[in-house]
Amino acid sequence: MDARDFEMQLKADGFDEIEYQKLDPRPGKGRHRHHFEIRGLVLSGVFVVRQAGEPVVYRSGQVFAVADGELHDEWIEAEGAHVLVGRKFAKPESMRTQEQVPTQQ
């Protein structure tokens with residue numbers, strides 16, 4: 001999948017923020033969570049994500065994903081990485097509640 005197609009798919013899937021990132025090599029950030037869903041396409045280099053089990057290595061052309069609130073770690077190998085990443089923020093609780101309550105006429 002190329003970057004343009006991936007970006008269009010992110011938008012179609014409701015990802016709110018989309019950006020290209022050039023990442024320098026770095027060790028893991030430590031186990032952490034985000035308050036958003038993340039999906040990314042590795043354009044070059046190596047991006048590593050550890051979620052529930054062993055680390056998974058993502059290379060050029062591969063897509064990684066981390067669910068909203070999922071405990072994980074991530075790091076960048078020696079060659080660095082260039083990724084296209086999207087973030088999808090959950091709707092606030094007040095908006096979810098409004099959607100579930102039918103309007104009476």
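Just so you know, these numbers use all the heavy atoms, side chains as well, and skip hydrogens, waters and symmetry mates.
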For Val57 versus Val46, what's the shortest heavy-atom pair and its separation?
CG1-CG1, 3.4 Å
Pick from His34, Gln51, Lys29: which one makes a side-chain hydrogen bond (donor to acceptor under 3.5 Å, both in side chains) with His72?
His34
With rounding to the nearest 0.5 angstrom, report the CZ to CG distance, Arg33 to Leu71.
4.5 Å
Determine whether more than 12 heavy atoms belonging to other residues, nucleotides or ligands lie under 6.0 Å from atom CZ of Arg4.
no
N/O donor-acceptor pair under 3.5 Å between Glu70 side chain and Ala52 backbone
no
Same hydrophobic cluster for Leu10 and Val63, using side-chain heavy-atom links shorter than 4.5 Å among ILVMFWY?
yes
Should Val66 and Leu41 be counted in the same cluster of Ile, Leu, Val, Met, Phe, Trp and Tyr side chains packed under 4.5 Å apart?
no
Could you give the distance from CD (Glu74) to CD1 (Ile38), rounded to the nearest 0.5 Å?
7.0 Å
Single-linkage hydrophobic cluster, 4.5 Å side-chain cutoff, Phe36 and Phe6 together
no
Side chains of Phe64 and Val56: closer than 4.5 Å at any heavy-atom pair?
no
Minimum-distance pair of heavy atoms, taken over all atoms of Gly80 and Pro25:
N-CG, 3.9 Å
Which heavy atom in Tyr58 sits nearest to a heavy atom in Val42, and how many Å separate them?
CB-CG2, 3.8 Å
Sequence neighbours excluded and cut-off under 3.5 Å, please list the side-chain donor-acceptor pairs for residues 12-19, or say none.
| unit_1 | atom_1 | unit_2 | atom_2 | d |
| --- | --- | --- | --- | --- |
| Asp13 | OD1 | Gln9 | NE2 | 2.9 |
| Asp13 | OD2 | Gln9 | NE2 | 3.1 |
| Asp13 | OD2 | Arg39 | NH1 | 2.7 |
| Asp16 | OD2 | Phe89 | N | 2.7 |
| Glu17 | OE1 | Arg87 | NH1 | 3.4 |
| Glu19 | OE2 | Gln21 | NE2 | 2.8 |
| Glu19 | OE2 | Arg87 | NH1 | 3.0 |
| Glu19 | OE2 | Arg87 | NH2 | 2.7 |

Nearest 0.5 Å please: distance from the CG atom of Leu84 over to the CG atom of Asp5.
11.0 Å
Looking only at heavy atoms, what is the nearest atom pair of Val48 and Pro55, with distance?
CG1-CB, 3.7 Å
Give the minimum heavy-atom separation between Ser60 and Leu43, together with the two atoms involved.
OG-O, 2.9 Å
Does the side chain of Glu7 reach to within under 4.5 Å of the side chain of Tyr20, using non-hydrogen atoms?
yes
Could you check whether any side-chain N or O of Ser44 sits under 3.5 Å from a backbone N or O of Ala81, counting only pairs where one atom can act as donor and the other as acceptor?
no
Considering non-hydrogen atoms only, spot the tightest contact between Trp75 and Arg26 and give its length.
CB-O, 3.4 Å
